[in-house]
Amino acid sequence: MGNILEDLNEAQRAAVEFIEGPSLVLAGAGSGKTRVLTYKIAYLLNNKVDPATILALTFTNKAAREMKERIAQLAGKKETKNLWMGTFHSLFARILRIEAKTIGFPQSFTIYDTGDAKSLIKTIVKELKLDDKIYKASHIQSRISLAKNNLLTPEGYANNVKIVQADVMNRMPRVQDIYAIYFNRCKKAGAMDFDDLLLYTNLLFRDHPEILAKYRNVFQYILVDEYQDTNMAQYLIIKKLAEVHQRICVVGDDAQSIYSFRGARVDNILQYPNDFAGCKIFKLDQNYRSTQNIVKAANSLIAKNSNQFEKNNFSSNPAGSKITVLSAYSDIEEAYIVTNTIFEMHMRDHCELRDFAILYRTNAQSRHFEEALRKRNLEYKIYGGLSFYQRKEIKDLLAYMRLAVNQNDDEALKRVINYPPRGIGDTTLSKLDALAQDENVGIFHAIGMIRNYNLGINNSTIARLEAFAHMIDHFRESMHTLDAAEVVQKVLQESGILAEFSNDKSPESLSRKENLEELINAVNEFCAQKKEEGNENSLIDFLQEVSLLTDQDKEEEGEFNKITLMTIHSSKGLEFKHVFVVGMEEELFPSARTLDSPAGLEEERRLFYVAVTRAREICFLTFAKSRGKFGQYAYCTPSRFIRDIDAVFLDLPVDISLNTKGLSNTTEPIKRIQRNDRPVVATGGLSKRTPLSHAKGKNDEKTNFSPDIPALIQVNQRVEHATFGFGTVVRIETNGDIKAVIEFDKTGQKTLLLKFARLRILKDE
DNA sequence: AACGCATATTTGAGT
DNA sequence: AATATGCGTT
């Protein structure tokens, strides 16, 4: 067993063997970061360290699971069972459950997801009679999140001049009140949001030194993965826990810090040597993943950023091919080009589908790729978007379970009190809510008090409310006698959810039903595993697990040989032989809202760095010259990031010159795409969203007036408008909504918003 | 209370 | 484009 060190290079081995003090492992992309972490833990275990004294924090549940598996191979499965290994959120939720009483929460506290939190904020804004156009839930949510990440309780928030002033400047002076009410409501409901899990852990350790001492003693070895993505609250937890024994090892790469939008601080990793004086720094700079070309290209790109550790990443792999840049006329064509390239490589070079990844900046970009891949019959899997546990039918069923476990969970109650419809509408609910607020109880308890008050709710409605409450009580009781999966079955039956689906024979309804069955399976599986471990309260644990689970955490069977579609963010830590980074356009990547701050732009560049370094052998960058945005077409210019890569590593298309300031919108006509440029497409199978296909060939028919898409409109073009008749395009304005200035033959010059204009392009005369 | 139509908003990444 | 919200009708 002692020979596991032989699998490591010198730097990796040195990092693994250093276990008695603080250390920082700076691990470049593909340098074996996970390897160091897993081997280090295995090394500790092989040296007879008790697994229950090791705290290993990862970024995702999936990373934790995979690491556990690898450690099991190195050190034996039994050894890994008691490791404290998981995400910050799940491990500290576990601790908070143990210590719940101390901070005034029930042991069965529920976790509010973003949707629950948002709905509560909306309720509060309404109650305070504030304008929800100004007090937007999403904005308030991010203010509260920011506050909690910086350990600001409502009092701290109200006392912070800078923050309060910022709210006043934004014409939202009452955010502090909303926060205070939100905070109290969550507590009353026995609920924590994601940020609370970290905030309350901090408060617990701050206010209860004996508990802090206990956990300092439990966690003799602390390891943190992806340290560059920790936020202030996480940083403080780690720092406190490690303060005495200093046996803390953090692993990360400042060049891959991409989560500052949710409070991550690159400074945590940059300042680590100051926080833990005398720490050992290990630099892993040999990239084992990618070709020399890719590594060098990525280096040249990240060199454009300031404020980073000095790096010297290199590869001893073959030189490899250059990064190929491809241009497309539209987002739809971009998808076809990528799909065609994959198809060719698959058929001609026998590349496996699992070796391909299509990476994009935003989830919304996936649609065209899905359509194109489906038409080619190329199998793919897609990550992100709605996860299984976010689906309505699943959330509804889970809300019943939540309410049965914790009757103060008002958000769960609001979700299901009238689902399936049982005649309890908004009016009734707001009367009930008002009573609950007056009496300072949860809504569920307010139902029990309803007959003592004259709320103007008629008797039949009262009877319905009581029947609902009775049903929930019944579910709660059955939890003592039945196991979790049986309870779920029962809820599904008796709540009427199942009946809802039986009445409806549509395919959607069928698939919802299947999802519900899948949930029952998941509960079964979970409980079986928990029973094996001798754990009782498995329903509570299950509810916690699913609220902290993401789409990426689930591994589907039979998904192994497919093309991967995902955002760049979720690709972090993964690698693929062939990578397409798509949508390389200004305002998309880098995203428009990062352009006003240099720090934001640098983060986008790091994101691009992450994207490029996912590729082992071949990397493509693609961009489109026009793209559907918010339901209308807009012109795009190639991303500045393409130019950030040293041109010697690039293979550029002939039709763009990246030295000029992007594409000109007005002088360079957008060429029509010839039919034979495109893959074979089933005739008539094109949706109306594929306008380029009918752009050509229909223009000489005068009978049916069918407008062309705005992206095809160009200067000097002859066009026809349904009411103004024929005219010539003088100019196109692209700032804000796209407008075309058109000189009409009959009616003179007019400026038209292209999204309304319904113009038809005339064939050149 | 439930439904249908009109209008507003979204698209920034995820524990 | 797709979804969420709002308003009026039944």
Side-chain angles (χ1 to χ4, degrees), chain A residues 57-64 86-93 111-115 117-119 122 126 132-133 136-138 142 145 148-149 192-198 226 229-231 233-234 257-264 331 359-368 383-387 389-390 392 418-429 458 460-461 464 544-553 566-572 583 587-595 600 603-604 606-607 610-611 627-634 687-691 709 755:
Chain A
L57 296 157
T58 61
F59 212 62
T60 60
N61 296 299
K62 191 180 171 196
T87 63
F88 278 88
H89 290 85
S90 62
L91 292 189
F92 291 113
I111 297 172
Y112 275 177
D113 69 14
T114 351
K118 199 171 199 164
S119 134
K122 280 183 182 168
K126 213 175 266 170
D132 59 4
K133 296 262 158 39
K136 281 197 178 160
S138 56
S142 71
S145 175
K148 287 183 175 173
N149 281 330
M192 294 199 196
D193 64 21
F194 292 138
D195 300 313
D196 280 335
L197 296 171
L198 305 176
E226 307 281 13
D229 284 325
T230 50
N231 65 26
Q234 293 167 323
S257 162
I258 55 176
Y259 283 102
S260 79
F261 72 93
R262 65 180 208 216
D331 46 3
L359 308 181
Y360 34 76
R361 180 65 179 79
T362 66
N363 277 313
Q365 284 165 257
S366 70
R367 223 188 82 223
H368 295 309
Y383 291 78
L386 262 201
S387 89
Y389 292 103
Q390 308 267 23
K392 187 189 173 311
N418 200 29
Y419 179 80
R422 46 175 75 91
I424 302 170
D426 289 344
T427 327
T428 307
L429 188 59
N458 68 41
S460 64
T461 310
R464 282 183 221 132
Q544 164 168 322
E545 169 147 314
V546 300
S547 35
L548 296 175
L549 219 54
T550 63
D551 208 32
Q552 296 166 51
D553 295 324
M566 57 168 57
T567 62
I568 303 170
H569 278 89
S570 48
S571 77
K572 194 172 70 163
E587 309 212 321
L588 180 61
F589 193 25
S591 153
R593 46 214 279 174
T594 62
L595 292 178
E603 175 149 314
E604 292 285 291
R606 291 193 295 269
L607 189 57
V610 168
R627 177 176 296 277
K629 281 178 187 167
F630 295 112
Q632 59 179 303
Y633 265 82
S687 69
K688 56 185 187 305
R689 288 248 335 154
T690 354
I709 56 153
K755 64 175 162 180

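In what follows, every chain begins at residue 1, and chains take the letters A, B, ... in the order their sequences are listed. Just so you know, these numbers use all the heavy atoms, side chains as well, and skip hydrogens, waters and symmetry mates.
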* Across the strands shown, which category fits A:T362 at heavy-atom distances under 4.0 angstrom: base, sugar-phosphate, nothing? -> sugar-phosphate
* Which of parallel (below 30°), tilted (30 to 60°) and perpendicular (above 60°) describes A:H569 and A:F261? -> perpendicular
* Say whether A:S145 and A:S142, considering side chains only, have a donor N or O and an acceptor N or O under 3.5 Å apart. => no
* To do: State which of C:dA1, B:dA13, B:dT10 makes the closest approach to the side chain of A:F261.
  => B:dA13
* Polar side chain donor-acceptor pair, A:N363 to A:S366, under 3.5 angstrom -> no
Please tabulate the protein-to-nucleotide N/O contacts below 3.5 Å involving nucleotides 2-6 of chain B, giving atom names and distances.
residue	atom	partner	partner atom	Å
B:dA2	OP2	A:N418	ND2	3.3

* Side chain proximity check, A:D132 to A:K136, heavy atoms < 4.5 angstrom -> no
* Answer with yes or no whether the side chains of A:T87 and A:S90 bring together a donor and an acceptor at under 3.5 Å. => yes
* Asked: Between atom CG in A:L429 and atom C1' in B:dA1, what is the gap in whole Å?
  -> 13 Å
* State whether a side-chain donor-acceptor pair under 3.5 Å links A:Y259 with A:N231. => no
* Residue mapping more 5' on DNA chain B - nearest nucleotide basis, A:F630 or A:F59 -> A:F630
* Round to the nearest Å and state the distance from A:D195 atom CG to B:dG14 atom P. => 16 Å
* To do: Look at the side-chain N and O atoms of A:T427 and state whether any lies under 4.0 Å from the OP1 or OP2 oxygen of B:dA1.
  => yes
* Sidechain N-carboxylate O distance under 4.0 Å for A:E604, A:R361 -> yes
Below 3.5 Å is the cut-off: list the nitrogen or oxygen pairs between protein and nucleotides 4-10 of chain C, distance only.
residue	atom	partner	partner atom	Å
C:dT5	OP1	A:K122	NZ	2.5

* When the distance from NZ of A:K572 to C1' of B:dG14 is rounded to whole Å, what number comes out? -> 11 Å
* Asked: Atom CD of A:E604 and atom P of B:dA13: how far apart are they, to the nearest Å?
  -> 11 Å
* Structure fact -> Atom CG of A:L588 and atom C1' of B:dA13 are separated, to the nearest Å, by 13 Å
* Structure fact -> Of the candidates B:dG14, C:dA1, B:dT10, the side chain of A:T567 sits closest to B:dG14
* To do: Give the rounded distance in Å between these two atoms: CD1 of A:I258 and P of B:dA13.
  => 12 Å
* Is A:Y259 stacked on the base of B:dG14, with ring centres under 5.5 Å apart and planes under 30° apart? -> no
* Structure fact -> Whole-Å distance, A:F194 CZ to B:dA13 P, equals 16 Å
* Asked: Just checking, A:K572 and A:F59: is the charged tip under 6.0 Å from the six-membered ring centre and within 45° of the axis?
  -> yes
* Asked: Just checking, is any N or O donor in the side chain of A:S547 or A:D113 under 3.5 Å from an acceptor N or O on the other one?
  -> no
* Take atom P in B:dA13 and the same atom in C:dA4, then report the distance between them in whole Å. => 15 Å
* To do: Would you indicate what A:S142 reaches in the nucleic acid, counting non-hydrogen atoms under 4.0 angstrom: base, sugar-phosphate, or nothing?
  => nothing
* Asked: Once you round it to whole Å, what is the distance between P of B:dT11 and OH of A:Y633?
  -> 20 Å
* **Short N-O contact, A:D193 and A:K148, less than 4.0 angstrom** => yes
